[in-house]
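Everything numeric in this text was worked out from a predicted model, so none of it was measured. To find a chain, count down the sequence lines: A is the first, B the second, and so on, and within it residues start at 1.
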Number of protein chains: 2
Amino acid sequence: MVRDLSAEEKIKAAAKKLFTQKGFAATRTRDIAEEAGINLALLNYYFRSKSKLFELVMYENLSLFIGVIVENLKNSPNSFDNQLDFIVDKYIDMLLENPDLPFFVLNLLQSGHFEIEHKDNPVFKGITELRNSFLETILNDMEQGKVKKMHPLHIIANMMGLIIFPFIASKVLMSRSGNISRKEFEDLMRERKKLIPEWVRAMMQV
Amino acid sequence: MVRDLSAEEKIKAAAKKLFTQKGFAATRTRDIAEEAGINLALLNYYFRSKSKLFELVMYENLSLFIGVIVENLKNSPNSFDNQLDFIVDKYIDMLLENPDLPFFVLNLLQSGHFEIEHKDNPVFKGITELRNSFLETILNDMEQGKVKKMHPLHIIANMMGLIIFPFIASKVLMSRSGNISRKEFEDLMRERKKLIPEWVRAMMQV
DNA sequence: GTCTATAGGGTGATAGAC
DNA sequence: GTCTATCACCCTATAGAC
């Protein structure tokens with residue numbers, strides 16, 4: 001139960017939680033209302049419809065996913081090495097605070113509720129900007145012989161996979177069969193803030 | 001539309017496709033029936049309920065996910081190096097043929113339709129077996145100083161992330177912003193069959 | 001702004017004819 | 001085994017009282 005907020009904020013927080021955990025279709029407006037501790041009718045009063053509420057949560061989540069990084073990348077030195085440390089650190093911090101976020105993004109990709117292609121979509125622009133900035137520095141470093149030549153997609157996919165995948169798999173890891181606690185998991189993730197940049201550098205010199 | 005199969009098989013194939021792509025809640029039995037080219041009533045005639053049908057598809061998908069590997073691991077030499085090449089190769093082949101499979105597993109983790117914890121669940125047993133076999137060889141190699149000492153979870157998460165994550169992200173990569181074709185994507189994945197084992201080895205010696 | 005009550009539409013499942 | 005027609009339920013959204 002979400003407390004000490006306006007009704008509108010309580011609904012938004014509850015919606016964010018449930019949409020992120022269960023996806024659009026499996027989340028009922030009744031559950032959101034109950035989680036928020038308000039009446040069902042109030043949800044429609046503030047947000048007009050389930051879809052509108054979902055879109056709002058979606059934009060806030062995705063902005064979280066890329067916002068910090070896009071903004072700060074502009075101010076960071078233009079070498080892959082520096083950007084690497086920075087991105088890994090920020091992403092892992094963000095995921096430790098929002099561990100379900102990857103699931104939300106994955107839900108989006110399936111649901112069709114989000115036209116990621118739309119040119120003037122600010123999130124789309126952010127992703128494109130992030131990708132281009134990164135590609136540029138990577139290609140630049142390859143040109144200078146600093147790193148082994150390979151398709152830059154490998155590098156981006158590897159880095160993102162090393163960062164994000166453990167959070168996706170966390171439910172298996174922390175299950176009875178996985179046999180580690182939430183605290184152990186979080187400690188391991190923090191440990192990865194140092195390890196991932198080392199690993200990525202090692203991979204790029206094979 | 002699925003053709004040239006018995007009604008029962010057509011329904012199963014359609015259900016597998018839709019459940020995998022959209023998840024349990026967002027898939028309507030009517031859509032499955034239409035995709036299969038049969039009547040809605042027939043679905044319940046053969047499978048009793050939407051949930052029962054889902055469970056069937058689920059077991060077949062998960063068995064695919066772990067079955068081949070568990071079986072063949074038993075017959076492979078007991079060193080991490082050999083198992084590494086083998087697993088990467090088999091997984092990527094399997095994912096190239098079933099690119100939506102990771103989404104299905106992710107849906108499962110959210111939906112709660114699957115008690116992965118259940119001890120006598122054959123899929124659970126397979127996963128446990130796979131994990132233990134792997135842990136054993138990794139710890140053994142660490143003991144002998146063949147690889148750097150670190151939490152074995154890092155190694156398993158890294159390997160699985162490098163294999164699976166690109167398929168999860170494939171929809172972004174192959175979108176307009178991602179800017180690569182399906183064929184290019186598949187070629188890159190095949191390239192990774194050689195690269196991933198090299199990367200994993202490099203990471204373990206940092 | 002917040003509630004109760006209910007309309008309106010969709011979904012899973014089944015009865016019953018063939 | 002396969003179909004049509006329909007039931008019973010659940011869900012979103014809104015009307016209207018306070």
Side-chain angles (χ1 to χ4, degrees), chain A residues 1-61 104 107-108 110-115, chain B residues 1-61 104 107-108 110-115:
Chain A
M1 174 84 83
V2 184
R3 293 182 193 281
D4 298 330
L5 294 167
S6 69
E8 190 173 355
E9 287 300 319
K10 281 192 283 193
I11 295 170
K12 235 167 67 176
K16 181 167 179 171
K17 175 178 172 184
L18 293 180
F19 280 141
T20 301
Q21 281 176 359
K22 315 207 299 175
F24 180 80
T27 300
R28 300 178 310 156
T29 50
R30 279 168 167 74
D31 294 336
I32 298 174
E34 192 187 347
E35 173 77 23
I38 52 90
N39 189 274
L40 172 57
L42 220 53
L43 188 151
N44 291 77
Y45 172 75
Y46 280 114
F47 300 96
R48 271 194 50 82
S49 75
K50 181 186 178 184
S51 284
K52 295 270 183 206
L53 178 55
F54 181 78
E55 283 171 33
L56 194 76
V57 169
M58 186 182 79
Y59 273 104
E60 293 194 358
N61 264 345
F104 183 83
N107 277 327
L108 265 190
Q110 289 180 86
S111 67
H113 272 278
F114 180 54
E115 249 319 312
Chain B
M1 177 82 83
V2 183
R3 293 182 192 282
D4 298 332
L5 293 167
S6 69
E8 190 173 355
E9 287 300 319
K10 282 193 284 191
I11 296 170
K12 236 166 68 175
K16 181 168 178 169
K17 175 177 172 184
L18 293 180
F19 280 141
T20 301
Q21 282 176 0
K22 315 206 300 174
F24 180 80
T27 300
R28 301 178 310 156
T29 51
R30 281 168 169 76
D31 293 336
I32 298 175
E34 193 187 346
E35 173 78 24
I38 52 90
N39 190 275
L40 171 58
L42 221 54
L43 188 150
N44 290 78
Y45 173 75
Y46 281 113
F47 300 97
R48 271 198 52 80
S49 75
K50 182 185 177 184
S51 283
K52 295 270 183 207
L53 177 55
F54 182 77
E55 283 170 34
L56 194 76
V57 169
M58 185 181 79
Y59 273 104
E60 292 194 359
N61 265 345
F104 183 82
N107 277 325
L108 264 191
Q110 288 182 87
S111 66
H113 272 279
F114 180 55
E115 249 321 311

Sugar-phosphate, base or nothing in reach of A:Arg48, heavy atoms under 4.0 Å: sugar-phosphate

Distance in angstrom units between A:Leu42 CG and C:dT2 C1', rounded: 6 Å

A:Thr29 and its side chain to side chain contact (heavy atoms under 4.5 Å, CB included) partner, picked from A:Leu43, A:Asn44, A:Ile11, A:Leu18: A:Leu43

Between D:dG1 (P) and B:Glu9 (CD): distance, integer Å: 13 Å

Shortest side-chain distance from A:Ser49, nucleotide among C:dT2, C:dA13, D:dA13: D:dA13

Below 4.0 Å: OP1/OP2 of C:dG12 and any side-chain N or O of B:Asn44: no

Distance, rounded to the nearest Å, where B:Leu53 contributes CG and C:dT11 contributes C1': 15 Å

Sugar-phosphate, base or nothing in reach of A:Ser51, heavy atoms under 4.0 Å: nothing

Sugar-phosphate only, base, or nothing, as touched by A:Tyr46 at under 4.0 Å among non-hydrogen atoms: sugar-phosphate

Salt bridge B:Lys17-B:Glu35, side-chain N to carboxylate O under 4.0 Å: yes

Separation of D:dA13 C1' from A:Ile11 CD1 (nearest whole Å): 14 Å

Distance, rounded to the nearest Å, where A:Asn39 contributes CG and C:dT4 contributes P: 5 Å

base_contact_polar (C:dG10 base, B:Arg28 side chain, donor-acceptor, <3.5 Å): no

Between C1' of D:dC11 and NZ of A:Lys22, the distance in whole Å: 13 Å

Pair B:Phe54 and B:Phe47, ring centroids less than 6.0 Å apart: no

Shortest side-chain distance from A:Tyr45, nucleotide among C:dA15, D:dT2, C:dT2: C:dT2

Residue B:Arg30, side-chain heavy atoms: nucleotide from D:dC3, D:dT6, C:dT4 that is nearest: D:dT6

Between D:dG1 (C1') and B:Glu8 (CD): distance, integer Å: 11 Å

Below 4.0 Å: OP1/OP2 of C:dT11 and any side-chain N or O of B:Thr29: no

Heavy-atom donor-acceptor pair, A:Lys16 side chain to A:Asn61 backbone, under 3.5 Å: no

Donor-acceptor under 3.5 Å (A:Lys22 side chain, A:Arg28 main chain): no

Out of D:dT4, C:dA13, C:dC3, whichever nucleotide has its closest atom nearest the side chain of A:Ile38: C:dC3

Gap between atoms CG and P, on B:Asp31 and C:dT11 respectively (whole Å): 8 Å

Candidate nucleotides D:dA13, D:dT4, C:dC3, ranked by approach to the side chain of A:Lys50 - the nearest: D:dA13

Sugar-phosphate only, base, or nothing, as touched by A:Leu40 at under 4.0 Å among non-hydrogen atoms: base

